[in-house]
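This is a predicted model, so every value here is computed, not measured. Just so you know, residue 1 is the first one in the sequence shown, and it goes up from there.
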Amino acid sequence: MSLTAGLKTDFERLLLRFQQTESVRYEEFSAIWRDMKFSTIFYGKMGKIDSRKFTKEALAMAGRYFLPPYSFQIRFGGLYLLYGLYNTQLCQPKEKIRIALKNWDEVVSCQEEMVNAEHFDAVYILNKLLNDKAFHFTAMPTFLIYNRKRKKIPNEDVNEKLREKSNLISELINAEALEELTNVHEHYQAMKHTISANKTQLDKALSLIQGNFVSDLKNIAVNFQQWQENKNINLTDQSGIPVSKCEEPEEQKGFKRAQTLAEIKSKSYNSAIQVSRSRRHRQVKIEPDCTKGKKSPKVHACKKDTALSKRRR
């Protein structure tokens, strides 16, 4: 039987209880830690070799909750869990937390979010671990042993209750997608005017899509982003500090922060769209071609720059 059998279940039970508090404060986590008597996991009857191996595997398992794809709150819980395990271990010298260099960017970005959201308890704990030199920076997340038969490493199942909920709207409707939609929509409108018999008023049969389709799609995306930011205010703005009369309430500050983010995203969507170099070949010119007394649309690609063609010759 493995030394860490059942440890993942205990970790997730602790993090699920922390998730139910709807807070990212360390005092909430420490209360659950003490209630579950979590520091006693190192008190088993193990030899020095087994104890060090168990501590190393426990720190590696807890470190996964501090990285994506786990949610914002669970990553805070993963940091607190690493802090508790590192300081309650019985190994001397202490076993360090192994972290790969490719994952360090995620730690730095999480630290920036902590500072911007004024979660100073989490900032203090992360800086305390750094000052204690608790991290062991490595090239790979796990050990690589050569000249041995490779073993198939099983994929770690991620608890869906702890996973970060993906924002499919922002992934699908971004600035690049809106740029492409705008170009296609302009060509579509030009083609309709070309083949329409009445140039002043388009035929109803050709009006298969709304003229302001791209702008409506942009407004829906911005409104959804603003709604999502307002929904997460209660989680990200819980500081536990009493508010004086002269200060603004936390909810009002959170609402202003969400409104500012929505305005920034709206400006990015409303910015002038320029066709990137990789899409210049997709632009077409529409010219009428008179053949046999009838006008028919003729589409041909834009000619390349003559200077560029001469240079290639």
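Tyr43 and Phe54 fall within the same hydrophobic cluster, defined by Ile, Leu, Val, Met, Phe, Trp and Tyr side-chain heavy atoms under 4.5 Å apart, directly or through other members.
Expressed to the nearest 0.5 Å, how far CD of Glu12 lies from CE of Met61 amounts to 9.5 Å. Put simply, CG on Leu129 and CZ on Phe135 are 5.0 Å apart, with the number rounded to the nearest 0.5 Å. Between Arg64 atom CZ and Asn103 atom CG the span is 11.5 Å, to the nearest 0.5 Å. One distance of note links CH2 of Trp104 with CG of Leu67; it measures 10.5 Å at 0.5 Å rounding. Considering CD1 of Ile97 and CG of Leu59, their distance stands at 5.5 Å, rounded to 0.5 Å. Atoms CZ and CD1, from Phe76 and Ile125 in turn, are 10.0 Å apart once rounded to the nearest 0.5 Å.
Of all non-hydrogen atoms in Thr88 and Ser39, the two that sit nearest each other are CG2-CB, 4.0 Å. Considering every non-hydrogen atom in both Thr55 and Ser51, the closest pair reads OG1-O, 2.8 Å. Annotation for Ala58 and Leu7: closest pair CB-CD2, 3.6 Å, computed over non-hydrogen atoms. Closest of all the heavy-atom pairs between Ala139 and Ala100 is O-CB, 4.3 Å. Leu79 approaches Ala122 most closely through the heavy-atom pair CD2-O, 3.7 Å.
The closest donor-acceptor contact from the side chain of Asp50 to the backbone of Met46 lies at 3.5 Å or more, if one exists at all. Although no hydrogens or angles enter the test, the distance criterion places no donor-acceptor pair under 3.5 Å between the side chain of Glu186 and the main chain of Asn183.
Residues Ile32 and Thr21 have side chains in contact (heavy-atom distance under 4.5 Å, counting atoms from C-beta outward). Contact annotation: the side chain of Tyr80 never approaches that of Arg75 to less than 4.5 Å [non-hydrogen atoms, C-beta and beyond]. With a 4.5 Å cut-off on side-chain heavy atoms, Phe42 and Leu85 count as touching. Between Gln19 and Leu16, the closest side-chain pair of non-hydrogen atoms falls below 4.5 Å. Taking 4.5 Å as the limit, some side-chain heavy atom of Met36 sits within range of a side-chain heavy atom of Leu14. Contact check for Phe18 versus Leu81: no side-chain heavy atoms found under the 4.5 Å cut-off. Using a 4.5 Å heavy-atom cutoff, the side chains of Val214 and Leu178 are in contact. Under the 4.5 Å side-chain criterion, counting only non-hydrogen atoms from C-beta, Ile41 is not in contact with Asp10.
Shown here are the salt bridge (charged side-chain N to carboxylate O under 4.0 Å, His left out) partners of Arg34, two or more places apart in sequence or in another chain: there are none. Asp132 is linked by a salt bridge (charged side-chain N to carboxylate O under 4.0 Å, His left out) to Lys128, counting only residues two or more places apart in sequence or in another chain. Arg98 meets the salt bridge (charged side-chain N to carboxylate O under 4.0 Å, His left out) test with no other residue; sequence neighbours excluded. Considering only residues two or more places apart in sequence or on other chains, Asp35 meets the salt bridge (charged side-chain N to carboxylate O under 4.0 Å, His left out) condition with Arg17. Remark: Phe38 engages Phe11, Trp33 in a ring pair (Phe, Tyr, Trp, His ring centres under 6.0 Å) (not counting sequence neighbours).
With a 6.0 Å radius and a threshold of 12 heavy atoms from other residues, nucleotides or ligands, Lys53 has its NZ atom at or below the threshold. Under a cut-off of 6.0 angstrom, the local environment of OH in Tyr124 is sparse, with at most 12 non-hydrogen atoms contributed by other residues, nucleotides or ligands.
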Atom pairs and distances, donor-acceptor, side-chain atoms in residues 107-114, under 3.5 Å, two or more places apart:
unit_1 : atom_1 : unit_2 : atom_2 : d
Ser109 : OG     : Asp105 : O      : 3.3
Ser109 : OG     : Glu106 : O      : 2.8
Gln111 : NE2    : Asn127 : OD1    : 3.2

